[in-house]
Every structure is written in structure tokens, then in C-alpha cells.
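These notes concern the structure reproduced below.
The chains referred to below are lettered A, B, ... by the order of the sequence lines, with proteins before strands, and numbering in each begins at 1. This structure is a prediction, so every number in the text was calculated from the model and none was measured.
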Amino acid sequence: MWFRRDLRLADNPALLAALADGPVLPLFVLDPALWRPAGPTRRSYLAASLRSLDASLPRGLTLLDGDPVRRVVDAARAIGAGRVHWAADYAPYGHRRDEAVAQALGEAGIEVVRTGSPYAVAPGRVRQPSGQPFRVYSPFQRAWRAHGWRAPVAAPSGGEWLRLEEDTVAVPDAPVPDGLSVPEAGEDAARRRWAAYLERLDSYAARRNDPGADATSHLSPHLRWGEVHPRTLLADLEERTSRGAAAFRRELAWREFYADVLFRHPESAREHLRPEFSRMRYDEPGERLAAWEEGRTGFPIVDAGMRQLRATGWMHNRLRMVVASFLVKDLHVTWQHGARHFMRWLADGDLASNAHGWQWTAGTGTDPAPYFRVFNPTGQGRKFDAAGRYVRRWVEELSDPTLVPDPHEPDQDTRDLVGYPAPIVDHAFERREALDRWQAAR
DNA sequence: TGTCCTTTAAA
DNA sequence: TTAAAGGAC
């Protein structure tokens, strides 16, 4: 018996059964494609998550580095495993890679048991009556709720674990670099965070779009790395009737919707879901992309979001939309460049949610915002960060209210005084340009 | 989970 | 002069 440990201990009946059967080899494939491009924040979080997982196992975690297709098959052979439990509907590296591994195992004569999902409802299960997948969020959300899900299961106890001594790598040490901070990782941290957040949940609906209020749960990294299961959250939400609880459940539904879309369209992790957008003219990324990545565009709300990302490995959801809109529609850079930057730095970066969040903003994806919905970065700042709390916190140059009375649109003298850059583009002009290019491509 | 411009109507 | 409402993109 051998188990690919993409899923953590919680809420995995197949893993519990395997434990009762014993012996089990817990394995986490540390795919270089996942690890090496990671920036310091993502890398630190993942390392801490792995260490936490390692500490929770009776005999330790096995990591494999290198080509996952070859390594997984080699590891299964090394312990003489005739059967492998495979979380095949979880695609941390993309479904193509997962399919390649599953196929290689099959060719090696090893039985593959598909099991487990980090989603309440496994991708592919919620369908229209015709059998077709949903392409629009709202009807998906209704069908998803109607479909339902089973209750979370209790944490396991007992069982026997094996450790593969050869061909393994140590759990990596990736300390958080000076000046940066990342969320605390691990299942215990996830449980504590959720318990604390339940006290504030009822105000979620009213405050979730105010980035300065920091009123969101910050559970996304825990969900991403399997440290808490959405069924656990949904079971607790079911007992509550507040608007906040309902709004939080709808956000979980977005995560499941995008997982379903990626499952149905594996290529959409990197390509436009709507192929007609291949006719759109985009600019080659250059200095403007670098300015966006480093938070020096001269648009305070954009720079605040980009700096929060690099400092903490996390960005408020409202800001993810604002900075994405800015990159695609003000700088005319394809969403793939932005998605790649997010995946390098986000501790919670998830292939499905990231790619389709970007495609939504870019207008190339499922249930897209019409392309003419262009965020005005200054207007978004004034509307959602009215007091300027968020901008002042993350853009140090603008932090002093006596020097900078209007942090969302400081005048040129103020910018010179505090050393904050002038806007790299004229938003009104670039908005027009984006709409013109869209018209030309239609 | 958009923005902008025009129209209309209350002042 | 301002704000609300509505249509276009």
C-alpha cells in the first residue's frame, strides 16, 4: 500500500482505511515545477507546511524530488506496492501531469485507486441536466448546493507508516527572509484560525471588500495545501444563518467552480478558455511589467496590493482584481504573465483559482466580466479604501497624513516630496486603448 | 465583482 | 448646480 499524500490527515476516508490496513507509505511529491519557481514567500509557507505535516506523522514524511512521473513509479516499485491510492481529482501540478503519473503507474502493473478530493464536491460531479459542465457561476452555485456533500470525518488514530529510506530528500528548510512575513502553516494553525474567525464571520458580508479592515478569513493557504477541508468549514457554516455565513459559503463555491472548470478544460491553466481572444493584440512585457511586479506603478492602490503580496505571500481579494485589471487593461500585458507572478509569490496560489480568477478579469474565461468592464484604479481605491488605511499601510511613502492628505491621488509636488513615482500610464488613455484593441479583435 | 457619459429633474 | 437614473461600451 502506498499513498500519495496531497491530502492531509483530515477528512480522507480512503487514507483512514489504508491506515487501518497498514502499512502505508506517506509520500509527497515535491515537483521541481512546483518548488523551484516559487518566490521566498510561497517557498517558506510550503516548507513550513511540509514540516508541520512531517511532525504530525508517526514515522515521518517522504519527499521525492525530480521528475514526478519517474519518481512515483520508482517509489511504488521500491516497496513492492501493488496498489496506489491516488488523489487524481486534485491537480496541484495540473491534470496533465497527474494523468501522466497515473498512466505510468498503470503501465508498471500497479493498480491505481482514485480517491479523495480537497473539494466538498469532486470536480466533474456537478453538471447541468444535459450532462454538460456549467460555464456560469450562479447556476453552478445553485446546483452545487443542491448536490450536497458528506460530513467531514474524524482525524485518524493508529495505523502503521513506512518510510522509504532511499531516493528521498529532506523536508526543505526555507526560512522566511528578513523583512517578510508569511502566515503560520499547518493543520493546527488552520483549526485555530477558523475557530477564531467564526467569532467574526457574521460581519464578513459587510466588510469583506474593505482591504483596510482585514475582515477576511486568511484561510486560503490552509485550503490550498490541504491543511483544512472545505467540508469541515461547510459543516460549521450550515449551523449559521447570517449573511456573512452565506457570503463565505459562496466564496467556497467559487473555488469549487474554478476547480470544476479546470478539470473540464485542463489546457485553460495556461491558455485562453475563449480562443477568440488569441486575436487580441497585447504588448510584450518589459519595464512596465517589472514596475507592476515591484509595486511602483504610481497608482497607490495597485502598488499597495503588489507590495502586500511580496511582503506576506498574500493579497486581499479586492486587490487581486484591481491589480489584474491594471496589468491586462492598462498595461496590455497578457494575463499569463500576471498569473505566473502570483503563483511565484502567493502562499495560497492554486492552479485553478489563480488561472481562472485571472481569466475572469481578463475577460477570456468562464462567466467572464465583459471586456469593457475596466477598473479605474483610483476609483477602486476611493470606493473600497475610503479612509486610505490600506494604501498607507503598504505604501510607506504615503503613510504620513500630514505630508500626503490624499493617498489615492497625490499631486506631483507631494510625490516628489515623499519619493513616490508618477503614474506610469494615463488610465483614461489606456482604458480607451484597451477597448479599441478589443473592438479590433472582435 | 465597472465606468463614463447623457438625460432628466429637482433646486 | 447636483444627483439620480439609464444606456453604451
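Under the 3.5 Å distance criterion, with hydrogens and angles disregarded, a donor-acceptor pair is assigned to the side chains of A:Y420 and A:D303. Looking at A:Q308 and A:R393, their side chains never bring a donor and an acceptor atom within 3.5 Å of each other.
At whole-Å resolution of the value, CZ in A:R250 and C1' in B:dT1 are 12 Å apart. One can place NZ of A:K383 at 12 Å from P of B:dC4, the figure rounded to the nearest angstrom. Atom CZ in A:R382 sits about 13 Å away from atom P in B:dT3, given to the nearest Å. The CD atom of A:Q439 sits 8 Å away from the P atom of C:dC9 (whole-angstrom rounding). Distance A:Y204 OH to B:dT1 C1': 12 Å, rounded to the nearest Å. Atom CZ in A:R208 sits roughly 8 Å away from atom C1' in B:dT1 (whole-Å rounding). Here C:dC9 presents its P atom at 13 Å from CG of A:D436, a figure rounded to the nearest Å. We find that CZ of A:F140 is positioned 21 Å from P of B:dT1, with the value rounded to whole Å.
Checked for salt-bridge contact, A:R249 and A:E239 miss the test: no charged N lies under 4.0 Å from a carboxylate O. Classification of A:D436 and A:R432 as a salt-bridged pair holds, one side-chain N sitting under 4.0 Å from a carboxylate O.
Among residues at least two apart or in separate chains, ring-ring contact (aromatic ring centres under 6.0 Å, His included) pairs with a member in residues 293-316 of chain A are A:H218-A:W314, A:F299-A:F326.
Residue A:N376 places at least one side-chain N or O under 4.0 Å from the OP1 or OP2 atom of B:dC4. A sub-4.0 Å separation between OP1 or OP2 of B:dT3 and a side-chain N or O of A:Q380 is present.
In DNA chain B, runs of at least 3 stacked Watson-Crick or G-U pairs (N1-N3 plus N6-O4 or O6-N4, or N1-O2 plus O6-N3, all under 3.5 Å) give these stems: B:2-10 with C:1-9.
Checked against A:E227 for a side chain to side chain donor-acceptor pair (under 3.5 Å), the options A:R191, A:R193, A:H222 give a single hit: A:H222.
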